[in-house]
Amino acid sequence: MGHLDHAAFGWLTPVLSYLMACIGAALGLRCTMRALAVTGRSRRNWLVTAASAIGTGIWTMHFVAMLGFRVTGTDIRYDVPLTILSLVVAMVVVCAGVFAVGYSRDRNRALLLGGLTTGVGVASMHYLGMSAVRLHGDVTYEPALVALSVLIAVAAATAALWAGLNIKSPLAVTLASLVMGAAVSSMHYTGMFAVSVRVTPSGQALPGATAMQFIFPLAVGLGSYLFLTSAFVALSPTADERAASASAQRTVPDPTG
């Protein structure tokens, strides 16, 4: 059996991946709050932004953490199309959950169905991303830990959607994002602890790209997207601020009158 190291760079990748999950969660919650305060096309746009933020945060968390994954006795490569597909899956399932909550009249049922769908989708993203790993050997999983990781994903997704519906204050958003980041990280590392690798030494070159060739640049790009979108949301006026501004303009006396 090959020895697995989940933190080859020490605490760097676990801490950085946790921060990415927290930033995505916080941004997604803020966008969901904005969406629920408006209607029409504005609501749709804010929900799409929320879904992209949460999905990007989850995916970036996963692959930043994977930068620290090593197996003794073999190199590791990543199948590029499968890795991209895992990102698409993350976006689509989170979008489905967020839209279910954002548009459903029965919020409780939408919360349960959206949490289940999104949680299973997030877990699927994780294991689809793991299926993109190429190494010299066979990868197996401990079923009990796999099941536990799926349960954690469903719980984290449901909590995220609930928070989007019920949390209003900036402090509460911050606290909720820290908890959600911890839940997503827990799901990832629970799934990783389920992994065992039986290494088969070989001199053949592995197909695919190395983490530094592909995963690192993509993670940096998506991380930059999160930071830039966070700045946009922070500077964009809320519905209450726009209403207050419009009211103030109406009350200003006309100097020509």
Side-chain angles (χ1 to χ4, degrees), residues 1-25 55-80 82-87 89-90 119 121-157 177-202 206 208-220 222-223 226:
M1 301 292 287
H3 172 71
L4 276 62
D5 188 348
H6 299 289
F9 299 108
W11 285 100
L12 177 61
T13 50
V15 170
L16 187 57
S17 63
Y18 170 68
L19 289 177
M20 290 296 102
C22 290
I23 292 170
T56 297
I58 292 171
W59 188 94
T60 306
M61 178 272 143
H62 171 80
F63 280 101
V64 167
M66 289 300 292
L67 291 174
F69 180 62
R70 298 287 187 274
V71 181
T72 57
T74 178
D75 294 329
I76 295 177
R77 298 289 186 272
Y78 292 88
D79 183 286
V80 173
L82 274 179
T83 304
I84 296 296
L85 180 60
S86 70
L87 173 60
V89 167
V122 168
S124 300
M125 178 278 299
H126 172 87
Y127 290 105
L128 183 60
M130 287 302 298
S131 71
V133 173
R134 299 289 179 262
L135 48 75
H136 293 302
D138 299 317
V139 178
T140 58
Y141 294 89
E142 172 61 41
L145 287 177
V146 170
L148 179 59
S149 71
V150 175
L151 290 176
I152 294 173
V154 171
S177 65
L178 293 176
V179 173
M180 289 161 53
V184 172
S185 297
S186 298
M187 177 267 162
H188 171 83
Y189 284 104
T190 299
M192 293 307 296
F193 289 140
V195 175
S196 297
V197 178
R198 184 178 296 277
V199 174
T200 305
S202 173
L206 289 165
T210 67
M212 289 300 175
Q213 287 174 336
F214 176 62
I215 301 299
F216 180 74
L218 187 56
V220 169
L222 293 174
L226 287 177

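- Distance check, rounded to the nearest 0.5 Å: CG of Leu226 to CG of Leu19 gives 11.5 Å.
- The aromatic rings of His62 and His188 stand perpendicular to each other, their planes meeting at an angle above 60°, with 30° marking the opposite boundary.
- Summarising the geometry of Phe214 relative to Ala209, their closest heavy-atom pair is CB-CB, 3.7 Å, with the distance given to 0.1 Å.
- Within the 4.5 Å cutoff, the side chain of Leu218 has no heavy atoms near those of the Phe63 side chain.
- With rounding to the nearest 0.5 angstrom, the CZ atom of Arg198 is 14.5 Å from the OG1 atom of Thr74.
- With hydrogens and angles disregarded, no donor-acceptor distance shorter than 3.5 Å links the side chain of Thr60 to the backbone of Gly57.
- For the pair Leu135 and Arg77, the minimum side-chain heavy-atom distance is 4.5 Å or more.
- Distance alone, capped at 3.5 Å, is enough to place a donor-acceptor pair between the Thr72 side chain and the His3 backbone.
- For Phe216, the ring-ring contact (aromatic ring centres under 6.0 Å, His included) test picks out no residue, with sequence neighbours left out.
- With contacts defined as side-chain heavy-atom distances shorter than 4.5 Å, the pair Val139/Val133 does not qualify.
- Here the OG1 atom belonging to Thr190 is positioned 3.5 Å from the CD1 atom belonging to Ile152, to the nearest 0.5 angstrom.
- Using a 4.5 Å heavy-atom cutoff, the side chains of Ile215 and Met66 are not in contact.
- In this structure, CG on Asp5 lies 8.0 Å from CZ on Arg70, to the nearest 0.5 angstrom.
- The shortest distance between side-chain heavy atoms of Val197 and Leu4 falls below 4.5 Å.
- Between Met61 and Met20 the shortest heavy-atom distance is N-CB, 4.3 Å.
- Across every non-hydrogen atom of Ala219 and Val64, the tightest pair is CB-CG2, 4.0 Å.
- Residues Ala157 and Gly119 come closest through the heavy atom pair CB-N, 3.5 Å.
- Take Arg134 and apply the salt bridge (Lys or Arg N to Asp or Glu O under 4.0 Å) test, not counting sequence neighbours, and it matches Asp79.
- Between the side chain of Tyr18 and the main chain of Leu178, a donor-acceptor pair closer than 3.5 Å is present.
- In this structure, the side chain of Ser185 does not engage the main chain of Ala182 through any donor-acceptor pair within 3.5 Å.
- Side-chain contact between Tyr141 and Val195 is present, with heavy atoms from C-beta onward closer than 4.5 Å.
- Distance OH/Tyr78 to OG1/Thr210: 9.5 Å, rounded to 0.5 Å.
- The nearest pair of heavy atoms linking Met212 to Pro217 is O-CD, 3.3 Å.
- Of all heavy-atom pairs spanning Ser86 and Trp59, the tightest one is OG-NE1, 2.9 Å.
- Atom CE of Met130 is separated from atom CE of Met192 by 4.0 Å, given to the nearest 0.5 angstrom.
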